[in-house]
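When a ligand or atom number is given, it counts from 1 through the structure's own listing order. Just the heavy atoms: all of them, side chains too, but no hydrogens, waters or symmetry mates, feed the values below.
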Amino acid sequence: MSDADAVTTIEIRSNQNRYDAVVGSHLLDRVGQLIAGRVQGSCSAVISDTNVAPHFANRVMESLEAGDFQPTLITVPAGEKSKSLERAGEICERMLAAALDRQSFVVGLGGGMIGDLSGFVAAIFQRGIPHVQIPTTLLAMVDSSIGGKTGVNTKTGKNLLGAFHHPALVIDDVDLLKTLSGRDFNQGFAEIIKHAIIADAKMFAELQSTTGRPRRGEHVDLSKIEPLVCRNIEIKSSIVAKDERDRTGDRALVNFGHTVGHAIERAGDYEQLRHGEAISLGIVAACNISAKKAGLPKDQQKAIVDLLQSFELPTRLPSDFPRAEILEAIPFDKKFQGGKIRFVVTSAIGSATLSTDLTLEDIRKAIDQL
Ligand SMILES: NC(=O)c1ccc[n+]([C@@H]2O[C@H](COP(=O)([O-])OP(=O)(O)OC[C@H]3O[C@@H](n4cnc5c(N)ncnc54)[C@H](O)[C@@H]3O)[C@@H](O)[C@H]2O)c1
Ligand SMILES: [Zn+2]
């Protein structure tokens, strides 16, 4: 192992247990070795999608085989539509057919879609088996692989069925980001900018002043990405640690931009925009509301919009977008509890609070401005 292969291990504590996120490069061929000792059992299912598997599945399979973990590869079509109960059921059937049992474990090899789907399968298969996450998108590394929320979408809305199921291990190999399209690389910055807005003004300033910003997967300076991934894992995990089950409102802060963002995803039938792109628009809407309801200064609001744009993220809805359907998608969002609208606002970059002082009309106006 050379210096370039040095790894950073971030310990993540949850109520019941703890797990590590291991961040570095050239980790894919060491998956079997990294898993050994952290996960019991000798059979595994590697769940991936049709874009990711051709790039990386062989190396993961070989590494697991070398570690005597007897892997079965299960590949689903790429895209958010695979995050469904039907697909989760099919995967479970295939795992049963391959004689996986309660001593087995699941490896999720993919972006946030695969992380959520494979985590959900791990949560329900034989009432719960360990889940190892190998995120392959920036978005999944900095956000979705951390915190134990797994689930699938329904016709009614995003992530409405799911389970809390923390991973046993997260392996973040930043080399994997090289094959991401520019679009998919950039959309990860929506969650990074979200983290900066809600918790880290310094990171916000650093993102603003980054010159030679990595905009395309092939131009990524991985030496800059690694510390950024680590910092974002720390932010997400520390927020989650305060309120793992999303009960007190602390964890809800990571949903900044997501009430409108999720509705936009659904209105676009999960096809028109990527998650990060919809969240970029949701952040703009949340800033409009924050300016009115929480006193977010206009110059900060503009700085946020400028930063999103500098990562080529959308800040206005595409002209052909079915706008009318966005508001319709909102009442079904799980953030509306007992008729009250819980909405995350920011009064200054680096902090966020949960407001309950909001009407659907406020949200409608913010959507109209997009
Ligand atoms: N559980 C959570 O806490 C949480 C948090 C944030 C987001 N999410 C979920 O994450 C999902 C979005 O994640 P995402 O943006 O990673 O989407 P994704 O998994 O759909 O990946 C985006 C695209 O990139 C492709 N891809 C992935 N890795 C690649 C690679 N290395 N090289 C080439 N192509 C690659 C995928 O096949 C897909 O086409 C949504 O379902 C969202 O709801 C969950
Ligand atoms: Zn998100």
Side-chain angles (χ1 to χ4, degrees), residues 28 47-57 59-60 75-84 87 108-120 123 131 133-153 157-160 162-167 170 172-195 198 217-218 220 232-233 236-237 239-240 244 246 251-262 264-266 270-271 273-283 286 313 334 344:
L28 220 51
I47 302 174
S48 192
D49 76 30
T50 45
N51 288 340
V52 176
H55 289 297
F56 309 121
R59 284 168 64 196
V60 173
T75 305
V76 301
E80 186 68 19
K81 290 230 163 130
S82 281
K83 218 175 99 173
S84 70
R87 199 61 79 180
L109 174 69
M113 184 281 281
I114 284 293
D116 284 7
L117 176 68
S118 63
F120 182 62
H131 182 218
Q133 296 241 32
I134 308 181
T136 63
T137 62
L138 183 60
L139 187 144
M141 290 184 187
V142 301
D143 193 343
S144 60
S145 60
I146 306 297
K149 275 197 181 176
T150 74
V152 294
N153 306 323
K158 283 271 297 180
N159 303 331
L160 293 177
F164 287 99
H165 191 63
H166 286 286
V170 183
D172 290 307
D173 183 342
V174 293
D175 283 333
L176 310 192
L177 302 176
K178 285 179 187 164
T179 55
L180 271 185
S181 65
R183 181 181 180 186
D184 280 310
F185 188 77
N186 284 339
Q187 63 138 347
F189 277 92
E191 305 281 16
I192 293 175
I193 293 169
K194 173 196 78 179
H195 283 154
I198 64 172
E218 52 275 28
V220 177
N232 280 273
I233 291 173
K236 171 98 190 250
S237 59
I239 293 174
V240 170
E244 241 181 88
D246 219 349
R251 182 172 182 154
L253 301 186
V254 297
N255 287 332
F256 182 74
H258 279 61
T259 303
V260 173
H262 279 166
I264 290 174
E265 269 190 286
R266 185 168 160 252
Y270 304 116
E271 276 175 345
L273 293 167
R274 295 283 204 259
H275 179 72
E277 293 166 345
I279 294 317
S280 174
L281 289 158
I283 288 174
L313 287 161
K334 64 186 180 209
V344 187

Proximity to ligand 1 by part of T50, non-hydrogen separation under 4.0 Å: neither
Taking both backbone and side-chain atoms of K158, is any N or O found less than 3.5 Å from an N or O belonging to ligand 1? yes
May I ask you to check if ligand 1 and R274 share an N or O to N or O distance below 3.5 Å? no
Looking only at heavy atoms, the pair that brings N153 and K158 closest together is OD1-CA, 3.4 Å
Do we see a donor-acceptor contact under 3.5 Å between the side chains of H275 and E265? yes
Pair D143 + K236: basic N to acidic O under 4.0 Å: yes
Taking N or O atoms only and a 3.5 Å limit, does G79 qualify as a polar contact for ligand 1? no
Part of L180 within contact of ligand 1 (heavy atoms, under 4.0 Å): both
Could you name all protein N, O or S atoms found under 2.8 Å from the Zn ion (ligand 2)? E191 OE2, H258 NE2, H275 NE2
Between K236 and ligand 1, which residue portion shows a heavy-atom distance shorter than 4.0 Å: side chain, backbone, both, or neither? side chain
Within the 4.0 Å heavy-atom cut-off, what M113 brings close to ligand 1 is both
Below 4.0 angstrom from a heavy atom of V52, which ligand 1 atoms are there? Numbered from 1 as shown, please. 26 (N), 27 (C), 28 (N), 29 (C), 35 (C)
Proximity to ligand 1 by part of D49, non-hydrogen separation under 4.0 Å: side chain
Looking at ligand 1, is there an atom of it that comes within less than 4.0 Å of some heavy atom belonging to E191? yes
